[in-house]
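Accompanying notes for the structure given below.
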Amino acid sequence: MLELNQLRNNREGIVKSLNKRRFAQAKELIDQIIQLDDDRKSTQSKNDELLAESNQISKQIGALMKEGKKEEAEKIKIRSAALKAESKVLSESLVSIEEELKQILYKIPNTPNDSVPDGATSEDNEVVYEHGSTPQLAPDAVPHWDLIKKYDIIDFDLGNKVTGAGFPFYKGKGARLQRALVNFFLDEAIKAGYVEVQPPIMINEESGYGTGQLPDKDGQMYHVTEENYFLIPTAEVPITNMYRDVILESKELPVKHVGFTPCFRREAGSWGAHVRGLNRLHQFDKVELVQIHHPDNSYKALKEMCEYVQGLLEKLGLQYRVLNLCGGDLGFTAAQTFDMEVFSAAQQKWLEVSSVSNFETFQANRLKLRYRGEDKKMHLLHTLNGSALALPRIVASILENNQTPDGIKMPEVIVPYTGFDMIS
RNA sequence: AGAGGAGUGGCAGAGCGGUCGAAUGCACUGGUCUUGAAAACCAGCGUACCGCGAGGUACCGGGGGUUCGAAUCCCUCCUCCUCUGCCA
């Protein structure tokens with residue numbers, strides 16, 4: 001959620017910035033917001049005056065009652081009743097103005113950072129870095145959905161039977177490979193100074209609003225209606241919400257957490273022929289990084305997180321590239337996002353395996369996540385997060401890129417974790 | 001899940017219909033004293049909104065109600081504790 005002050009003071013700049021993400025209604029919505037906020041202020045002022053008078057009268061009544069002047073007290077009670085009726089009207093309208101204001105604020109996405117490239121679709125994302133070269137595979141190399149059948153390590157049919165599409169079983173060395181990668185990712189993050197957390201994988205509605213999944217992505221999360229809980233689409237949600245309604249001391253910054261969780265996504269409307277095998281699932285595992293920073297440091301942290309994720313990909317020996325997402329492809333809550341894509345040699349296609357974002361104050365504003373500045377005043381913090389890494393597509397590219405006539409060779413760094421160096 | 005008890009400022013803990021945004025202690029910040037520190041003493045010490053300011057308004061787990069007036073009474077939800085039941 002953008003800050004009201006910013007909308008008032010930097011209206012033109014924000015409209016221009018939102019233009020970069022092709023958000024056409026910016027001007028109109030901001031005008032509505034400013035109008036509503038003006039209404040809110042004047043309504044509150046009037047109401048406060050009424051309440052102030054009412055409080056005065058109540059005190060007088062108290063004093064009169066004490067002195068035993070019942071008659072006089074009764075007399076001014078009449079005035080008090082009138083004030084109360086008037087104030088009730090104003091209070092109700094204040095509540096509805098605030099609600100309307102909030103609803104409009106919820107509709108406005110975050111403003112892209114200046115270094116976000118202009119552009120409308122994923123076609124316009126800027127490739128800022130490339131690493132590695134495409135492995136030379138044998139002519140009979142096959143995509144991972146064939147490999148997992150051949151070696152019987154991941155079973156979609158079983159998942160279909162037991163749950164439904166997009167909920168595969170990992171079996172034998174497939175399960176061990178996945179667990180090995182999770183442990184490798186967690187250990188690396190801990191070495192890099194992240195504090196591990198194991199969060200709940202269901203969240204309440206408030207948390208959904210806190211990080212911005214609600215109301216924007218309502219319908220993309222699995223909803224447990226009995227309790228009004230949601231299955232998390234990413235560990236970002238519970239981990240960042242640890243800091244909802246929190247005031248941090250400067251000396252507590254930065255906050256760095258890593259968490260491993262399954263992630264659940266309904267992916268409503270996004271299914272198609274191009275998402276075979278592990279490319280898109282309803283349930284998948286992910287190790288997620290979350291950082292909270294002083295506003296001055298967040299972009300430096302964003303850079304460091306990207307470099308950290310790149311380091312993981314390099315250790316796994318995967319060819320990858322880094323994209324600076326263009327305005328039109330940016331997620332609702334992000335001010336800037338770098339996507340890491342690995343090249344899947346058998347599919348001849350780039351697969352997104354990590355998304356590292358700075359949300360600036362967008363989430364913090366909803367979360368009320370603040371720190372006390374040098375000026376002794378409260379300020380919003382910056383939140384960031386990134387996948388490090390999402391498992392299925394990493395597994396897919398390891399399987400595809402490392403296939404040999406004798407089996408699938410494991411990257412060296414994870415052999416201590418898997419306990420085997422070959423799936424055959 | 002049932003019965004009982006409880007939720008107050010960073011923490012502990014008073015208040016149980018008016019003068020309470022809330023005693024007191026601890027913690028914290030500034031000052032005095034001291035070579036320095038400790039101790040002692042003095043002062044300060046929640047958040048949000050409105051207002052140029054003086055100041056005003058709201059908030060005592062959340063929401064609603066009674067009342068001229070609610071931290072205090074009533075309803076409801078949530079959380080925690082104790083006992084009983086169930087169970088990884």
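Letters go in sequence order (proteins before strands), and every chain restarts at 1.
Going from atom CG of A/Asp38 over to atom P of B/C49 covers 16 Å, rounded to whole Å. In this structure, the NZ atom of A/Lys368 is 17 Å from the P atom of B/C59, given to the nearest Å. Regarding A/Lys46, its NZ atom lies at a distance of 19 Å from the C1' atom of B/A58, rounded to whole Å. Protein atom CG of A/Leu101 is 12 Å distant from nucleotide atom P of B/C49, rounded to whole Å. Between the CD atom of A/Glu53 and the P atom of B/A58 there is a distance of 14 Å, rounded to whole Å. Between the CD atom of A/Glu92 and the C1' atom of B/G64 there is a distance of 13 Å, rounded to whole Å. The CG atom of A/Asn204 sits 18 Å away from the P atom of B/C77 (whole-angstrom rounding). When the P atom of B/A58 is taken as reference, atom CD of A/Gln44 falls 10 Å away, rounded to whole Å.
For the pair A/Lys286 and A/Phe260, the cation-pi test (distance below 6.0 Å, angle within 45°) is failed.
Nearer the 5' end of RNA chain B, as judged by each residue's closest nucleotide, is the contact made by A/Asp37, out of A/Asp37 and A/Ile57. Of the residues near RNA chain B, A/Lys88 and A/Ser54, the one whose nearest nucleotide (by heavy atom distance) lies more toward the 5' end is A/Lys88.
As rounded to the nearest Å, B/U72 and B/G21 have C1' atoms that lie 15 Å from one another. With both ends at atom C1', the span from B/C11 to B/C45 equals 14 Å, rounded to whole Å. To the nearest whole angstrom, the two P atoms, one in B/G56 and one in B/G15, are 29 Å apart. Nucleotides B/C49 and B/U8, compared at atom C1', are 23 Å apart to the nearest Å. Look at the C1' atom in both B/A23 and B/A39: the space between them is 26 Å, to the nearest Å. With both ends at atom P, the span from B/G4 to B/G25 equals 38 Å, rounded to whole Å. Taking atom C1' on both nucleotides, B/A3 is separated from B/G9 by 33 Å, rounded to a whole Å. Of the P atoms belonging to B/U57 and B/U19, the separation is 13 Å, rounded to the nearest Å.
For the pair A/Arg79 and B/C68, the criterion of a side-chain N or O lying under 4.0 Å from OP1 or OP2 is not met. Residue A/Asn55 places no side-chain N or O under 4.0 Å from the OP1 or OP2 atom of B/G69. A/Arg370 has a side-chain polar atom (N or O) that falls below the 4.0 Å cut-off from OP1 or OP2 of B/A48. At the phosphate of B/G46, neither OP1 nor OP2 sits under 4.0 Å from any side-chain N or O atom of A/Arg372.
Across every strand in view, B/A14 sits unpaired, with no contact that passes the Watson-Crick or G-U test at under 3.5 angstrom. Base pairing of B/A22 is not made with any nucleotide, judged by Watson-Crick or G-U wobble geometry with both donor-acceptor distances under 3.5 Å. The nucleotide B/C59 finds its pairing partner in B/G46, both defining distances of the Watson-Crick or G-U wobble pair being shorter than 3.5 Å. With both pairing distances under 3.5 Å, B/A3 is matched to B/U82 as a Watson-Crick or G-U wobble pair. Using Watson-Crick or G-U wobble geometry with both donor-acceptor distances under 3.5 Å, B/U72 finds no partner in any strand shown. Applying the Watson-Crick and G-U wobble criteria (two distances, each under 3.5 Å), B/U34 pairs with nothing in any strand. Judged by Watson-Crick or G-U wobble contacts below 3.5 Å, the nucleotide B/G51 has no partner. Pair check for B/A88 finds none; no Watson-Crick or G-U wobble contact set falls under 3.5 Å.
Minimum atom distance to the side chain of A/Ser58 is reached by B/G69, of the listed B/A48, B/G69, B/U57. Listed candidates were B/C50, B/U47, B/G18. Nearest to the side chain of A/Ile247 is B/U47. In this structure, of B/C50, B/U57, B/G18, it is B/C50 that holds the atom nearest to the side chain of A/Arg40. Minimum atom distance to the side chain of A/Ser80 is reached by B/C68, of the listed B/A58, B/C68, B/C50. Distance from the side chain of A/Leu51 is smallest for B/A58 among the nucleotides B/G51, B/A58, B/G18.
Heavy atoms from other residues, nucleotides or ligands lying under 6.0 Å from NZ of A/Lys171 number more than 12. Dense packing is recorded around NZ of A/Lys256, with more than 12 heavy atoms of other residues, nucleotides or ligands lying under 6.0 Å away. Counting heavy-atom neighbours within 6.0 Å of A/Phe284 CZ, excluding the residue itself, gives a total above 12. Surrounding CD of A/Glu412 are at most 12 heavy atoms belonging to other residues, nucleotides or ligands under 6.0 Å away.
If you check every strand for non-hydrogen atoms under 4.0 Å, A/Ile61 touches a base.
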Set out, in order, the CA-CA distance, both residues' side-chain angles and the distance that settles side chain to side chain contact (heavy atoms under 4.5 Å, CB included) for A/Leu399 and A/Ile148, then state yes or no. CA-CA 8 Å; A/Leu399 296 180; A/Ile148 60 173; 3.7 Å; yes

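Here the side chains of A/Leu289 and A/Tyr308 are in contact, with some heavy-atom distance below 4.5 Å.
In this structure, a donor-acceptor pair under 3.5 Å is absent between the side chains of A/Tyr151 and A/Gln403.
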